[in-house]
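Only one structure is covered here, and it is reproduced in the block below.
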Amino acid sequence: VASKPYTASLVKDPGRNYYSIKFRHPRRYTADGKPGLNVRRGLGTADEREARHLVAQMDQILADASLWSPVARDDAAKRFHPKIVDAFYDGLKADLTDPAQVRDRLLPLPGRDEGYRKVLLVGTFGTGKTTLLRQILGTDPDTERFPATSANRTTTAKLEVVLHEGPFRAVATFLHRDEVRQYVEECLVEAALARLGEGTDDEVARRLLEHRDQRFRLSHILGTLPTKTSKFVKAFDGGAATDRAARRDATAKEPDAPTDAEREAMRKTLRGFIDRIRAITEAWREHAGGMQADVETDELKQRYEEQLSDLPDFETLVNDVCAEIARRFTDLPGDVETDRDGWPTLWKFESSDRPDFMRAVGRLTGNHERHFGRLLSPLVEGIRVFGPFRPRWRDNDAAPRLVLIDGEGLGHRVEAISSVPTSVARRFGEVDVILLVDTARQPMQTAPSNAVKTIVSAGYESRLMVCFTHLDLVEGDNLPDDQAKMNHVLYALTNLLDKVGQDVDQAAEQALERCLQGRVFFAAHLNRLGLPAEDDLTRVNLNNLIDAIEDVAEPDQTELRLYYLEHKLPLGVQAGLKTYHQTWRALLGLEARPDVPKEHWARIKAMTRHIGYLGKDEYFHLKPAANLVDRLIQQISRYLDKPHRWEPRDVDDEVRQAAIGRVKNKVYTGLLDLSRDLMIARRSSDWQAAYGFSGAGSSVKRAQAVRQILEAAAPPTEDPYGAGGEDIFATIQGIVSEAVHEVGGGGRLVNDPIVASDMAGTA
Ligand SMILES: Nc1nc2c(ncn2[C@@H]2O[C@H](COP(=O)(O)OP(=O)(O)OP(=O)(O)O)[C@@H](O)[C@H]2O)c(=O)[nH]1
Ligand SMILES: [Mg+2]
């Protein structure tokens with residue numbers, strides 16, 4: 001039951017011999033935001049048969065939704081005439097520009113030359129990264145609230161702030177329309193599934209207004225419905241009066257917030273969406289229900305999900321929600337640029353008036369409930385802000401010259417799959433300091449520990465600093481004072497060092513221990529505007545932190561020739577690949593492992609979609625590419641820590657470790673690129689096919705398909721040089737050998753230990 005089919009037709013301009021093709025494009029948008037833009041292209045031929053043949057090719061593309069994405073262009077190019085490929089993909093191609101480059105072009109980041117230091121904040125969700133950023137900016141948590149903080153998964157865009165004299169300036173880039181559409185569709189599917197499972201309207205609303213992965217919150221954009229009931233909690237009738245009082249109070253202080261009338265209008269729209277979800281679901285149940293009386297609920301949900309996106313009413317609903325979103329851009333202050341289909345790509349704003357600027361930027365970064373219904377934060381891909389910010393507690397008069405980079409938090413408790421997002425990992429090499437922000441309440445849990453292991457394995461330990469927040473909330477009868485609390489946290493840090501020693505190696509542990517000296521900081525009450533006068537500890541620690549950042553030296557660049565035994569490398573790579581595939585088989589439910597729980601089929605499905613159609617390399621905590629890089633770099637790091645020889649021979653440990661660190665940096669970047677290429681770029685059609693399974697048993701088939709993709713990308717094999725294995729081992733060997741050669745001043749991988757020693761002796 002496909003929705004209205006898209007087809008192409010042949011036209012001939014009056015008075016001309018040449019034919020043109022005409023079609024409605026399913027992924028380009030008309031002025032009112034609906035898909036189906038009319039496209040007309042000359043075919044460059046007067047031969048009717050040839051022209052008809054080309055039109056038939058376009059019909060094939062139009063019939064296959066898996067081809068409707070910019071990433072499918074390469075695939076299509078293999079099957080169809082270039083004229084047809086251009087006609088379909090040209091409009092989509094324009095959107096592939098890297099948003100980071102756009103921000104760089106309009107507001108380039110200052111570097112070391114101008115005395116600036118770049119600091120990348122990493123840490124688990126809700127540990128206080130953005131709160132610390134606020135402290136360094138000196139923004140007011142009550143009136144300015146910039147940037148937004150909250151309990152969990154608050155920062156979703158790439159956020160870069162530069163402490164810079166002059167006017168306030170900002171550049172923001174937005175998520176691509178296809179991505180937004182995808183999230184909207186996923187929210188609607190979740191809501192419909194909740195409805196199918198006899199959920200109340202409140203539950204349906206909850207699913208609709210907050211995406212399952214908590215990254216895309218429609219409530220911020222479209223407003224909320226008061227949801228009170230849940231099957232999990234007993235109804236409770238107190239508190240409403242105080243709620244209302246608080247709300248009235250807040251309205252008074254928020255002149256820009258939607259008025260009560262506006263809020264009511266938004267609620268009406270939302271209720272309309274929820275009614276339509278109900279109608280679509282009931283109609284499907286009636287139509288399909290009779291035949292499926294004997295089907296398990298999970299199976300029924302799966303069938304419903306698969307059929308939903310083909311229901312015309314559902315597609316119209318998705319379109320209407322997207323159109324509602326697009327309307328929210330209309331009264332944005334500043335300059336907005338759009339792509340050729342009218343979707344905003346870029347926002348620019350400049351003002352010397354601080355409140356004015358904060359109000360504008362709040363639209364794109366805020367999370368205040370009073371502003372729900374006019375916030376665009378979930379649509380922002382990245383935002384860069386320059387302004388004369390300065391910390392209120394700084395002893396020194398001059399504002400520190402800092403670029404602060406905040407972004408998506410780390411998270412996931414399952415050790416085997418907890419990786420730093422690749423978008424964060426890629427920035428390790430660009431920054432001067434990697435500041436791990438962690439909470440003193442539960443210090444160094446899985447995600448931050450794994451991040452530290454990766455940072456050390458990738459040779460970035462000399463850039464690492466750690467700040468523990470929430471010291472005020474560490475409580476216990478055994479912890480009478482700050483010193484006792486800090487010792488409690490430091491104990492966790494010592495454990496972490498041990499773990500690095502075990503999981504990577506002794507050299508890494510020692511390097512880390514050396515690098516962290518004087519680089520661990522503590523803070524309490526970061527969420528307050530003025531640090532309490534008696535809180536000397538935080539004031540001193542924060543000042544020390546800024547001093548340490550300003551003092552951070554460029555890593556030692558002394559040239560050292562490093563020689564490694566070539567034949568030892570594959571052993572580690574093989575071990576890394578083996579555990580990687582074991583982990584993923586367990587995640588996919590194809591093999592049982594005590595330490596890796598099976599992932600829900602719906603998440604696996606969503607992952608295949610995000611990778612196949614949006615060109616992402618991860619979905620939620622599922623990070624096949626980052627996991628692979630983590631496994632490999634830990635093994636390779638261990639290998640690189642033990643050069644067979646080095647020259648000159650008599651250098652300090654630190655010089656040697658710095659040289660090895662530079663090799664690791666290069667290898668790490670190489671592996672990030674490699675995994676993206678092998679697993680994502682070259683295999684988008686395989687991911688699309690994996691997504692496409694439907695009908696009985698589709699989730700098992702999909703799991704098998706994902707396994708095949710991963711194994712084809714990085715073949716696990718007992719014999720590294722056997723069939724299939726050769727490719728990846730050779731490539732990795734190439735990456736390592738190139739890094740050793742370039743960074744180590746002409747060192748290399750050598751085959752024969754004796755030759756290696758000889759050469760070192762005579763060179
Ligand atoms: N009591 C106390 N609360 C803090 C402290 N630091 C941060 N918080 C609170 O912790 C919560 C989370 O802080 P955020 O700064 O939003 O955390 P984040 O690391 O940016 O989180 P994500 O953006 O979700 O990754 C907020 O409610 C802060 O007010 C602190 O030192 N003490
Ligand atoms: Mg944050």
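First listed ligand is number 1; within each ligand, the first listed atom is number 1. Counting from 1, the numbers follow the sequence of the chain as shown.
Taking the six-membered ring where tryptophan is involved, the planes of F329 and F174 are perpendicular, since the angle between them exceeds 60° and thus also 30°. Below 30°, between 30° and 60°, or above 60°: for F216 and Y183 the angle between ring planes is below 30°, a parallel geometry.
Judged by distance alone, the side chains of H600 and R603 never bring a donor and an acceptor atom under 3.5 Å apart. For the residue pair T422 and D617, a side-chain donor N or O sits within less than 3.5 Å of a side-chain acceptor on the partner. Inspection of the E186 and H610 side chains reveals an N or O donor paired with an N or O acceptor under 3.5 Å.
A salt bridge does not link R117 to D432: none of the charged nitrogens lies less than 4.0 Å from a carboxylate oxygen.
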Check ligand 1 for close polar pairs with the protein: N or O on both sides, less than 3.5 Å.
{"unit_1": "ligand 1", "atom_1": "1 (N)", "unit_2": "D472", "atom_2": "OD2", "d": "2.7"}
{"unit_1": "ligand 1", "atom_1": "3 (N)", "unit_2": "H470", "atom_2": "NE2", "d": "3.4"}
{"unit_1": "ligand 1", "atom_1": "8 (N)", "unit_2": "H470", "atom_2": "NE2", "d": "3.2"}
{"unit_1": "ligand 1", "atom_1": "10 (O)", "unit_2": "H470", "atom_2": "NE2", "d": "3.2"}
{"unit_1": "ligand 1", "atom_1": "13 (O)", "unit_2": "T131", "atom_2": "OG1", "d": "3.2"}
{"unit_1": "ligand 1", "atom_1": "15 (O)", "unit_2": "T130", "atom_2": "N", "d": "3.3"}
{"unit_1": "ligand 1", "atom_1": "15 (O)", "unit_2": "T131", "atom_2": "N", "d": "2.8"}
{"unit_1": "ligand 1", "atom_1": "15 (O)", "unit_2": "T131", "atom_2": "OG1", "d": "2.4"}
{"unit_1": "ligand 1", "atom_1": "16 (O)", "unit_2": "S150", "atom_2": "N", "d": "3.1"}
{"unit_1": "ligand 1", "atom_1": "16 (O)", "unit_2": "S150", "atom_2": "O", "d": "3.3"}
{"unit_1": "ligand 1", "atom_1": "17 (O)", "unit_2": "G128", "atom_2": "N", "d": "3.1"}
{"unit_1": "ligand 1", "atom_1": "19 (O)", "unit_2": "T127", "atom_2": "N", "d": "3.2"}
{"unit_1": "ligand 1", "atom_1": "19 (O)", "unit_2": "G128", "atom_2": "N", "d": "2.9"}
{"unit_1": "ligand 1", "atom_1": "19 (O)", "unit_2": "K129", "atom_2": "N", "d": "2.8"}
{"unit_1": "ligand 1", "atom_1": "19 (O)", "unit_2": "K129", "atom_2": "NZ", "d": "2.8"}
{"unit_1": "ligand 1", "atom_1": "20 (O)", "unit_2": "T130", "atom_2": "N", "d": "3.0"}
{"unit_1": "ligand 1", "atom_1": "20 (O)", "unit_2": "T130", "atom_2": "OG1", "d": "2.7"}
{"unit_1": "ligand 1", "atom_1": "21 (O)", "unit_2": "G126", "atom_2": "N", "d": "2.8"}
{"unit_1": "ligand 1", "atom_1": "23 (O)", "unit_2": "T155", "atom_2": "N", "d": "2.8"}
{"unit_1": "ligand 1", "atom_1": "23 (O)", "unit_2": "T155", "atom_2": "OG1", "d": "2.8"}
{"unit_1": "ligand 1", "atom_1": "24 (O)", "unit_2": "R153", "atom_2": "N", "d": "2.8"}
{"unit_1": "ligand 1", "atom_1": "24 (O)", "unit_2": "T154", "atom_2": "N", "d": "2.7"}
{"unit_1": "ligand 1", "atom_1": "25 (O)", "unit_2": "K129", "atom_2": "NZ", "d": "2.9"}
{"unit_1": "ligand 1", "atom_1": "31 (O)", "unit_2": "H470", "atom_2": "N", "d": "3.0"}
{"unit_1": "ligand 1", "atom_1": "31 (O)", "unit_2": "H525", "atom_2": "N", "d": "3.4"}
{"unit_1": "ligand 1", "atom_1": "31 (O)", "unit_2": "L526", "atom_2": "N", "d": "3.1"}
{"unit_1": "ligand 1", "atom_1": "32 (N)", "unit_2": "D472", "atom_2": "OD1", "d": "2.8"}
{"unit_1": "ligand 1", "atom_1": "32 (N)", "unit_2": "D472", "atom_2": "OD2", "d": "3.3"}

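Contact annotation: the side chain of L133 approaches that of L137 to within less than 4.5 Å [non-hydrogen atoms, C-beta and beyond]. Between R354 and R359 there is no side-chain heavy-atom pair separated by less than 4.5 Å.
If you look at the Mg ion (ligand 2), the protein N, O or S atoms less than 2.8 Å from it are T130 OG1, T155 OG1.
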Next item on the list: List the steps and the verdict of ring pair (Phe, Tyr, Trp, His ring centres under 6.0 Å) for F168 and F389.
Entry: CA-CA 9 Å; F168 290 92; F389 300 104; 5.4 Å; yes
